[in-house]
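Let me begin by presenting the structure, written as structure tokens, before commenting on it.
Each chain gets a letter, A, B and so on, in the order the sequences are listed, and its residues count up from 1.
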Amino acid sequence: MTGRAQRGGTPGPAPRPPSHTHHPPEAPAQDTTMWQPNRLEEERLEKARRLEAAGIELYPRRVTRTHTAAAALAARQAAEAAAGTTEPPETLVTVAGRIRRASIKGKVAFMHIEDETGRIQLFFRINDLDETRYGFIKDKLIEVDDFVQATGALMRTTAGEISVRVTDFTLLAKSLSPLPVIKQQVQEDGRVVEYGEFSDKETRYRQRYADLAVNKNVRDTFIVRSRVLKAMREFLDDEGMLEVETPILQPLYGGAAARPFTTFHNQLEQELYLRISFELYLKRLLVGGYDAVYEIGRDFRNEGVSFKHNPEFTMMEFYKAYIDYHGVMDIVERMMAHIAGRVLGSTQVTYGDHTIDLTPPWQRLTIREAVLARTGIDYMATPDAESLAALLEERFGQRVKPGTPWGKMVVDELFGTHVEPHLIQPTFICEYPRDVSPFAKRAERDDRHTERFEVFIAGMEFGNAFTELNDPRDQEARFVEMAALYRTGDDDETPLDEDYLRAMRYGMPPCGGFGIGVDRVVMLLTNRHIIRDVLLYPHLRREDGSA
RNA sequence: GGAUCUGUAACUCAGUGGCAGAGUACCCGCCUUUUAAGCGGAGUGCCGCAGGUUCGAAUCCUGCCAGAUCCA
């Protein structure tokens with residue numbers, strides 16, 4: 001795509017070398033590639049000039065729409081029903097939208113225009129308009145992809161389609177670059193078959209506006225996304241939780257195991273991190289006296305891009321006083337069932353080949369039970385890193401990087417490789433090892449594990465929760481323990497946050513908390529298997545890489 | 001980071017050493033109820049970028065850029 005995008009471009013300045021320093025700040029690289037119209041665009045520019053020469057404003061300020069496409073269709077149907085005839089009194093409407101199809105038949109012409117509510121046909125006759133203005137349609141000076149407004153009486157064509165018999169029309173916005181061509185055929189049963197496609201993934205992601213303009217199913221996906229967020233907020237609000245906003249720019253990052261993005265504040269002369277989670281700021285609010293808080297927002301992790309990872313993604317976390325992780329599980333089950341019910345009207349979800357049932361209660365297993373059931377291994381028989389590493393190599397030929405902590409091996413290698421992909425129906429996996437869970441309370445009568453769970457659906461991790469550690473002395477010991485286990489710069493590094501400990505020393509109520517990847521919820525409910533398909537603007541490498 | 005694949009017209013794609021192709025779109029002509037409209041005609045390009053091999057390269061080789069899939 002690079003080459004195509006650059007074709008005919010003037011030889012702009014060489015791409016800037018990547019900057020590894022954040023200060024002093026540099027102006028962002030400017031895209032100086034001038035637009036070089038291709039042949040089709042030259043033709044449209046010429047049409048634009050001819051329209052302007054005829055006194056037509058290409059981008060007028062005012063619109064006088066009276067009906068959406070759907071409202072106009074409904075108005076005609078209502079009028080016919082009321083009159084009990086297919087010849088009801090005339091309804092005059094003004095509709096507006098993008099021309100998606102044009103069929104010029106000599107002295108008569110048909111168009112479909114589309115707005116967010118759907119399509120409606122416009123019917124033009126030379127008799128109904130003066131010849132000059134009809135000529136704009138016939139000569140395709142106003143054409144597919146342009147936005148127009150049309151006024152006229154609602155009618156039915158001989159083929160029976162509700163249409164606007166156009167007596168007046170206005171160009172609303174001229175399109176200078178043609179969109180990809182997709183033709184539609186509406187079947188007898190109402191299904192729409194599309195001919196031609198715009199399927200090049202790279203172009204669709206880079207030019208999402210064109211993707212949306214042309215692919216209705218993509219528009220629908222992001223409508224569902226909005227409804228998922230709305231249903232989630234509605235549930236949490238109804239639970240009595242307070243929605244809050246905490247800093248995205250943080251002097252110290254924490255609350256998850258991930259590498260952060262760093263940036264620099266010039267006046268404060270200070271490095272700042274883009275948050276990798278909200279956890280530590282939200283729990284400070286429980287110290288402050290709120291019983292339950294939640295936040296929905298963006299997290300940033302400077303890690304690989306994959307079918308389920310984007311460097312920025314949407315997270316929801318809540319923390320609630322006076323419940324433990326079993327209380328959290330109850331809320332999570334009900335929340336997911338509520339969202340699915342609101343968005344899909346059912347707690348049965350089709351995902352790929354699976355039918356997933358989100359109806360509570362969900363299965364609850366300890367990670368030890370889950371690993372034992374799937375592999376026959378009781379990892380407590382190999383209670384140290386060396387013996388577990390030896391077992392992994394012997395049983396599965398898995399080699400683990402030397403120095404990997406025992407619990408990390410249990411979670412990533414034993415559980416992650418052999419159990420996680422099989423967890424299709426929603427499952428709470430409980431009691432994670434302590435050395436990967438620095439903010440979770442220790443399990444009762446078991447120093448190796450914590451009161452932590454993760455949720456798995458469709459073989460993917462959806463969320464993570466603890467009975468939150470609220471003992472400042474234990475928390476400080478955990479920071480020290482993590483510092484000994486993981487090196488600076490490791491993904492799992494957990495920097496000691498003295499301000500967080502200060503807050504906890506004032507007294508933090510016993511509480512449970514939860515975090516969930518919202519993008520994955522959207523993937524589940526839209527049956528999409530690639531995170532980029534539920535992100536409007538997924539991150540790609542910059543386009544102008546070719547030297 | 002590794003492996004494999006992909007990049008040709010606005011879109012979707014053929015073309016694997018000998019004149020750059022198809023369908024749709026676009027352009028010209030005809031058509032007063034079409035709807036993937038139809039009929040007739042014409043045109044379309046840095047074949048991702050840069051080198052190399054060759055009498056000759058979209059095609060073979062090398063490097064680079066971008067993307068996809070799988071793996072880490």
Whole angstrom value for the distance that separates P of B:rA10 from CG of A:Leu176
16 Å
Expressed as a whole number of Å, how far does the C1' atom of B:rG48 sit from that of B:rA66?
8 Å
What interatomic distance, in whole Å, is found between C1' of B:rU44 and the corresponding atom of B:rA22?
13 Å
Give one of base, sugar-phosphate or nothing for A:Leu122, where a contact means two heavy atoms less than 4.0 Å apart.
nothing
How is A:Phe307 classified with respect to the nucleic acid when contacts are heavy atoms under 4.0 Å: base, sugar-phosphate, or nothing?
nothing
Could you identify the nucleotide paired to B:rG63, looking across every strand shown and requiring Watson-Crick or G-U wobble geometry with both distances under 3.5 Å?
B:rC49
Between A:Val410 and A:Leu388, is there a side-chain heavy-atom distance shorter than 4.5 Å?
yes
Look at the side chain of A:Glu197 against the base of B:rU12 and say whether a donor-acceptor pair falls under 3.5 Å; ignore hydrogens and angles.
no
Record whether the side chain of A:Gln185 comes under 3.5 Å of the base of B:rU35 through a donor-acceptor pair of N or O atoms.
no
The reported gap from CG in A:Leu414 to CD1 in A:Ile367 (rounded to nearest 0.5 angstrom) is 8.0 Å
Minimum-distance nucleotide to A:Pro180 side chain [options: B:rC11, B:rU32, B:rA66]:
B:rC11
Watson-Crick or G-U wobble mate for B:rG23, both contacts under 3.5 Å
B:rC11
Answer yes or no: does a side-chain N or O of A:Lys47 lie under 4.0 Å from OP1 or OP2 of B:rC27?
yes
Salt bridge or not between A:Glu194 and A:Lys216? Use side-chain N to carboxylate O under 4.0 Å.
no
Test the A:Arg452-A:Tyr432 pair against the cation-pi criterion, namely NZ or CZ under 6.0 angstrom from the six-membered ring centroid and within 45° of the ring axis.
yes
Distance, rounded to the nearest Å, where A:Ile182 contributes CD1 and B:rC11 contributes P:
12 Å
Ignoring backbone atoms, establish whether A:Arg101 has a side-chain N or O less than 4.0 Å from OP1 or OP2 of B:rU35.
no
Quick one: which of B:rU34, B:rU69, B:rU24 gets closest to the side chain of A:Val181?
B:rU24
Across the strands shown, which category fits A:Gln121 at heavy-atom distances under 4.0 angstrom: base, sugar-phosphate, nothing?
base
Would you mind classifying the nucleic acid contact of A:Ser199 as base, sugar-phosphate or nothing, using non-hydrogen atoms under 4.0 angstrom?
sugar-phosphate
Among B:rA10, B:rU32, B:rU34, which is the nearest nucleotide to the side chain of A:Lys107?
B:rU32
Over how many whole Å does the gap from A:Ile162 atom CD1 to B:rU34 atom P extend?
17 Å
Using OP1 and OP2 only, check whether a side-chain N or O of A:Arg44 sits under 4.0 Å from B:rA10.
no
Side-chain N,O (A:Arg100) to OP1/OP2 (B:rU35) below 4.0 Å
no
Is A:Arg133 positioned over the aromatic face of A:Phe169, cation under 6.0 angstrom from the ring centre and no more than 45 degrees off axis?
yes
Charged N to carboxylate O under 4.0 angstrom, A:Arg225 versus A:Asp519?
yes
Are OP1 or OP2 of B:rC65 and a side-chain N or O of A:Arg541 less than 4.0 angstrom apart?
no
Between A:Glu143 and A:Lys174 (salt bridge meaning N to carboxylate O under 4.0 Å), is one present in this structure?
yes
May I ask you to say whether A:Arg399 pairs ionically with A:Glu393, meaning some side-chain N is under 4.0 Å from a carboxylate O?
yes
Between protein and nucleic acid, restricted to nucleotides 38-43 of chain B and to nitrogen or oxygen atoms under 3.5 Å apart, what atom pairs and distances do you find?
residue, atom, partner, partner atom, Å
B:rG43, N2, A:Arg39, NH2, 2.8

Can you find a donor-acceptor N/O pair under 3.5 angstrom joining the side chain of A:Asp200 to the base of B:rU12?
no
In whole Å, what separates the C1' atom of B:rU34 from that of B:rG21?
32 Å
Any base atoms under 4.0 Å from A:Phe198, or only sugar-phosphate, or nothing? Heavy atoms, all strands.
sugar-phosphate
Could you check whether any side-chain heavy atom of A:Phe261 comes within less than 4.5 Å of a side-chain heavy atom of A:Pro311, counting everything from C-beta outward?
yes
With a 4.0 Å cut-off on heavy atoms, is A:Arg532 in touch with a base, just the backbone sugar-phosphate, or nothing at all?
sugar-phosphate
